[in-house]
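Beneath this line is the structure, given in structure tokens, with notes to follow.
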Amino acid sequence: MLIKRPEDIKPSEITDQSVYKSRRRFLATAVAAAGMSIGGGLFYRGGDVHAQTAAGKKLAAYKGLPLGPFSTDEDLSDYDDVTSYNNFYELGTRKEDPARNAHQLKTSPWTIEVSGECDKPGTYHLEDILDKQPLEDRIYRLRCVETWSAVIPWVGFSLGDTLKRFQPNSQAKYVYFETIYDPKNLKTQNIKVLDWPYREGLRIDEAMHPLATLAVGMYGEVLPNQNGAPLRLVLPWKYGFKSIKSIVAIRFMREEPDTTWNMLQPREYGFYANVNPGVSHPRWSQKRERRLGEWLKRDTEMFNGYGEQVASLYSGMDLTKFF
Ligand SMILES: Nc1nc2c(c(=O)[nH]1)N[C@H]1C(S)=C(S)[C@@H](COP(=O)(O)O)O[C@H]1N2
Ligand SMILES: [Mo]
């Protein structure tokens, strides 16, 4: 498969997103005129945005994908909000920094170093991984620990199926991920705001869950750099910090790996980080959340609303202890 990276896309080709947005604006205006309310993202379903583009126009990178498992039909968050309000400390620590510094991240070429308890370790090109994985539109919620949330149509594929290709052995109880370390270009990595590189981990059964996603795009397009290009995790039942961006290394491990936020503040951020309105962050309640683009807060759901799918992973565990 030929992967379209942002720098390969000519300006004349970047039409889909603007068509998508202007169409939404048009419909929003029409509905407002009719005296009704409207939510975001009523019009994006499994790639049909692209069917709406004018004939002959270049289509976005990822179109007409099947809808992935457990996708929500809630209103989508606005593309502009999702790409301008980010946590990505490699590109700066304020929410507006990652969009502004996005150019600091060089996403081509991109390789992923696979190591540890597996039979097929090695250096894999991103293209090679993508060649083997059927892409889907996976419309999942993302809930940040700072109590904002979003509904995003990710373009992604199964983390578990990808990991199986590397043939983890019976010692592989955990899997560890690492983000790019490139202080020459990623200027914030010259400051010790955290112990670079950013790192995350999962228990192997969590990683094998069908909701666990590797994403390469969103809204039918290649991932913008500020959202974790070219390859990131999406774990919709966990707080956002588990969804590590711009992954360059995967390691199968026997022991629970170190994880960035747990290393920084173990009292505040646990290894599991499952969305749980019943367990407060020491400095704030986790009971409510604000959807990007909305004013009123809404109640946060256990496991971010994915309890039916994932609760069994944690049966018998005290989730106030393993937070
Ligand atoms: N490498 C890396 N990954 C990261 C982060 C980061 O700072 N660096 N921030 C995390 C946090 S706290 C959140 S809430 C999500 C935000 O993803 P988004 O910007 O696409 O909404 O990315 C996560 N992944
Ligand atoms: Mo977060």
Side-chain angles (χ1 to χ4, degrees), residues 65-72 112 114 116-118 124 126 129-130 132-145 149-168 172-179 198-218 223 227-253 256-257 259-262 270-276 301-315 317 319 322-323:
L65 299 175
L67 199 58
F70 316 122
S71 290
T72 173
I112 294 120
V114 177
E117 300 291 344
C118 68
Y124 291 81
L126 178 61
I129 289 177
L130 276 164
K132 309 276 193 312
Q133 299 305 328
L135 294 175
E136 298 169 327
D137 275 315
R138 295 181 161 209
I139 306 179
Y140 294 155
R141 293 176 283 266
L142 182 79
R143 162 67 154 85
C144 182
V145 75
S149 66
V151 177
I152 298 171
W154 304 100
V155 174
F157 50 96
S158 161
L159 171 66
D161 290 349
T162 307
L163 295 181
K164 280 180 202 147
R165 279 186 59 208
F166 310 131
Q167 298 181 13
K173 305 284 190 241
Y174 295 89
V175 57
Y176 166 83
F177 303 88
E178 227 171 68
T179 293
Y198 195 98
R199 59 200 89 179
E200 259 308 335
L202 294 168
R203 226 170 48 195
I204 196 80
D205 58 334
E206 298 181 298
M208 292 298 168
H209 192 280
L211 269 171
T213 297
L214 279 167
V216 291
M218 56 184 210
L223 268 183
N227 292 88
L231 184 72
R232 69 171 290 172
L233 281 188
V234 178
L235 303 163
W237 73 99
K238 292 179 178 287
Y239 289 118
F241 66 85
K242 299 293 287 184
S243 291
I244 184 174
K245 293 170 167 177
S246 307
I247 297 166
V248 295
I250 297 176
R251 191 177 311 146
F252 295 98
M253 296 178 66
E256 188 179 288
T259 58
T260 290
W261 286 99
N262 182 248
F271 175 79
Y272 286 92
N274 293 316
V275 175
N276 187 345
E301 292 178 73
M302 187 64 198
F303 298 116
N304 206 20
Y306 299 94
E308 207 181 304
Q309 286 79 39
V310 301
S312 63
L313 291 171
Y314 311 102
S315 58
M317 286 174 67
L319 296 183
F322 297 100
F323 57 93

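Excluded from the calculations below are hydrogen atoms, water molecules and symmetry mates; all remaining heavy atoms, backbone and side chain alike, are included.
- The CD1 atom of Ile112 lies 8.5 Å from the CG atom of Leu214; values are rounded to the nearest 0.5 Å.
- In plain terms, the two heavy atoms of Cys118 and Phe166 that are nearest each other are CB-O, 3.1 Å.
- Residues Arg138 and Val234 are not in side-chain contact: their nearest non-hydrogen atoms beyond the backbone lie 4.5 Å or more apart.
- Among all heavy-atom pairs drawn from Gln309 and Gly305, the shortest one is OE1-O, 4.4 Å.
- We find that Glu206 and Lys238 are joined by a salt bridge, their nearest charged nitrogen and carboxylate oxygen being less than 4.0 Å apart.
- Judged by distance alone, with hydrogens and angles left aside, the side-chain atoms of Thr213 form a donor-acceptor pair with the main-chain N or O of Leu211 at under 3.5 Å.
- At distances below 3.5 Å, not a single donor-acceptor pair connects side-chain atoms of His209 with backbone N or O atoms of Leu235.
- In this structure, the side chains of Met218 and Asn227 come closer than 4.5 Å at one or more pairs of heavy atoms.
- For Phe157 against Pro134, the heavy-atom pair with the smallest separation is CB-O, 3.5 Å.
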Requested in this report: Determine, stepwise, if the pair Val216 / Leu231 fulfils side chain to side chain contact (heavy atoms under 4.5 Å, CB included).
Outcome: CA-CA 5 Å; Val216 291; Leu231 184 72; 3.8 Å; yes
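- No option in Asn276, Asn304, Asn274 other than Asn274 meets the side-chain hydrogen bond (donor to acceptor under 3.5 Å, both in side chains) test with Trp237.
- The shortest distance between side-chain heavy atoms of Tyr272 and Leu319 does not fall below 4.5 Å.
- By the 4.5 Å heavy-atom criterion applied to side chains, Arg165 and Ile129 are counted as neighbours.
- Going from atom CD of Glu200 over to atom CZ of Arg232 covers 11.5 Å, rounded to the nearest 0.5 Å.
- The line from CZ of Arg203 to CD of Glu256 is 9.5 Å long, rounded to the nearest 0.5 Å.
- Ser158 contributes a side-chain N or O that, together with a main-chain N or O of Gly160, makes up a donor-acceptor pair within less than 3.5 Å.
- Side-chain contact check for Leu130 versus Leu135: some heavy-atom pair is nearer than 4.5 Å.
- Taking all atoms of both residues into account, the shortest heavy-atom contact from Pro69 to Pro210 is CG-O, 4.2 Å.
- Relative orientation of the Phe303 and Tyr314 rings is parallel, given thresholds of 30° and 60° on the angle between their planes.
- Using a 3.5 Å distance cut-off with no hydrogens or angles, the side chains of Glu117 and Tyr174 do not pair a donor with an acceptor.
- Atom OG1 of Thr259 sits about 5.0 Å away from atom NZ of Lys242, to the nearest 0.5 Å.
- Taking the side chain as every heavy atom from C-beta outward, Phe271 and Pro257 approach each other to under 4.5 Å.
- One finds the CZ atom of Arg141 at 10.5 Å from the OG atom of Ser71 (value rounded to the nearest 0.5 Å).
- Looking at heavy atoms from C-beta onward, Ile250 lies out of side-chain contact with Thr162 at the 4.5 angstrom threshold.
- Nearest heavy-atom pair, Val175 versus Ala207, reported as atom, atom and distance to 0.1 Å: CG1-CB, 3.6 Å.
- No side-chain heavy atom of Thr179 sits under 4.5 Å from any side-chain heavy atom of Thr260.
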Query raised in the report: Going through the distances and angles, do Asp137 and Val155 end up as a side chain to side chain contact (heavy atoms under 4.5 Å, CB included)?
Result: CA-CA 5 Å; Asp137 275 315; Val155 174; 3.9 Å; yes
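- Here the straight-line distance linking atom CD of Glu178 with atom OH of Tyr198 works out to 13.0 Å at 0.5 Å rounding.
- When every heavy atom of Phe241 is checked against every heavy atom of Ala273, the shortest pair comes out as CZ-CB, 3.3 Å.
- In this pair, Tyr306 and Tyr140 present their aromatic rings perpendicular. The plane angle is above 60°, beyond the 30 to 60° band.
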